[in-house]
Amino acid sequence: RRVHGEELLKFNNTGNVCVWPAEEVLAYYVTKNANMFKDSKVVELGGGMTCLAGLALARVESCSHILLTDGSPDSIDNVCLTVNENREQFSTKRVSVRLLRWDQFEPDNCDLEQQFDHVICADCLFFDEFRQDLAQCIRRLLVPGGQAILIAPKRGHSFDDFVTLCQAMECFDVSVNSKFDEKVTELNQYFYVHCTNFSPNRHQPIMITLTARKLQSASANQE
């Protein structure tokens with residue numbers, strides 16, 4: 001549908017502007033590595049108007065459940081239409097859509113607490129005021145031992161600030177990988193040499209992996 005200018009001025013509507021390169025890379029990555037999500041519960045955060053990565057995964061792999069989310073009602077309306085139009089094409093039979101703002105997890109989303117094996121998210125680190133909320137939302141969604149995969153460019157200090165924040169929380173094992181896929185690395189190098197408007201700060205995708213630490217039992221702590 002046509003998106004009017006005033007809609008883009010609402011709460012965090014960057015996902016309504018376009019499909020960002022990091023979302024395309026995330027879609028490529030999850031479909032290439034789809035087997036790691038087989039029979040698992042997956043949630044996409046901040047998927048925007050398309051939730052492209054989550055939908056692509058639903059198409060190629062049989063997951064137990066894929067939940068597509070965004071904080072914009074306009075995005076959610078569009079994703080609902082997309083899911084309903086394509087449901088018969090999905091390999092994953094349980095695909096649902098929900099409005100989820102990271103800063104308003106309670107009370108409507110408490111049923112999602114520690115329900116997901118995987119969180120996927122693309123280019124959602126650039127808002128200073130929501131970075132802490134995103135990290136806390138991921139912590140609440142993941143089962144112990146579950147894993148979040150985030151792909152984003154540096155965008156100034158935003159990427160490094162998020163990594164530092166997650167390391168300080170002590171509930172995640174955090175890893176950062178700028179060469180997570182050979183093909184993506186090759187394309188980055190090509191664009192850097194041949195495309196004058198390519199900026200690594202704004203365009204080069206980097207992967208953050210957050211693994212939720214398993215809670216130690218009281219007896220283990222006493223030992």
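Predicted, not measured: the structure shown is a model, and the values here were computed from it.
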Trace of the side-chain contact (heavy atoms from CB on, under 4.5 Å) decision for Arg59 with Gln89: CA-CA 6 Å; Arg59 176 68 179 86; Gln89 307 299 319; 4.1 Å; yes
Main-chain N/O of Glu113 paired with Gln115 side-chain donor or acceptor, under 3.5 Å: yes
For the hydrophobic clusters of this structure (ILVMFWY residues joined by side-chain heavy atoms under 4.5 Å, transitively), does one cluster hold both [X] and [Y]?
X: Val163; Y: Leu134; value: yes
X: Val43; Y: Val79; value: no
X: Val83; Y: Met49; value: no
X: Tyr28; Y: Leu55; value: yes
X: Val119; Y: Leu26; value: no

Please report the shortest heavy-atom distance between [X] and [Y], naming the atom on each side.
X: Val42; Y: Ser40; answer: CG2-OG, 3.7 Å
X: Asn84; Y: Arg87; answer: OD1-NH2, 3.6 Å
X: Pro205; Y: Ile151; answer: CB-CG2, 3.6 Å
X: Leu52; Y: Ala27; answer: CG-CB, 3.9 Å
X: Thr211; Y: Gly145; answer: CG2-O, 4.0 Å
X: Glu170; Y: Arg213; answer: O-NH1, 3.0 Å

Should [X] and [Y] count as side-chain neighbours, where that means a heavy-atom distance under 4.5 Å?
X: Leu125; Y: Ile208; result: yes
X: Val143; Y: Asp117; result: yes
X: Phe172; Y: Arg139; result: yes
X: Asn86; Y: Val95; result: no
X: Phe105; Y: Leu141; result: yes
X: Val184; Y: Tyr29; result: no
X: Cys51; Y: Thr82; result: no
X: Met36; Y: Ile149; result: yes

If you measure from [atom1] on [X] to [atom2] on [Y], what distance do you get to the nearest 0.5 Å?
X: Leu165; Y: Arg131; atom1: CG; atom2: CZ; value: 8.0 Å
X: Gln136; Y: Phe130; atom1: CD; atom2: CZ; value: 15.0 Å
X: Asn78; Y: Ser72; atom1: CG; atom2: OG; value: 9.5 Å
X: Leu67; Y: Leu45; atom1: CG; atom2: CG; value: 8.5 Å
X: Leu68; Y: Ser96; atom1: CG; atom2: OG; value: 7.0 Å
X: Thr31; Y: Glu61; atom1: OG1; atom2: CD; value: 11.0 Å

Hey, could you give me each pair passing ring-ring contact (aromatic ring centres under 6.0 Å, His included) that has a residue in residues 134-165? Not counting sequence neighbours. none
Residue pairs passing the ring-ring contact (aromatic ring centres under 6.0 Å, His included) test with at least one member in residues 32-57, sequence neighbours excluded, are Phe37-His118
Salt bridge or not for Arg155 and Asp123, using N-O below 4.0 Å? yes
Around [X], counting heavy atoms of other residues, nucleotides and ligands shown, do more than 12 lie under 6.0 Å from its [atom1]?
X: Glu85; atom1: CD; answer: no
X: Glu186; atom1: CD; answer: yes
X: Lys183; atom1: NZ; answer: no
X: Phe198; atom1: CZ; answer: yes

Mind running side-chain contact (heavy atoms from CB on, under 4.5 Å) on Ile206 and Val176 for me, showing each step along the way? CA-CA 7 Å; Ile206 306 171; Val176 176; 3.7 Å; yes
I'd like to know if the side chain of Asn109 pairs up with that of Arg98 as donor and acceptor (distance under 3.5 Å, no hydrogens or angles considered). yes
Using the ring pair (Phe, Tyr, Trp, His ring centres under 6.0 Å) criterion, which residues pair with Tyr192? Sequence neighbours excluded. none
Does Arg140 form a side-chain contact (heavy atoms from CB on, under 4.5 Å) with Glu106? I'd like the steps, not just the answer. CA-CA 11 Å; Arg140 298 185 70 166; Glu106 295 179 345; 2.9 Å; yes
In terms of the angle between their ring planes, are Phe116 and His65 parallel, tilted or perpendicular, with boundaries placed at 30° and 60°? tilted
Passes side-chain contact (heavy atoms from CB on, under 4.5 Å), Phe180 versus Thr185? Steps please. CA-CA 8 Å; Phe180 57 90; Thr185 300; over 6 Å; no
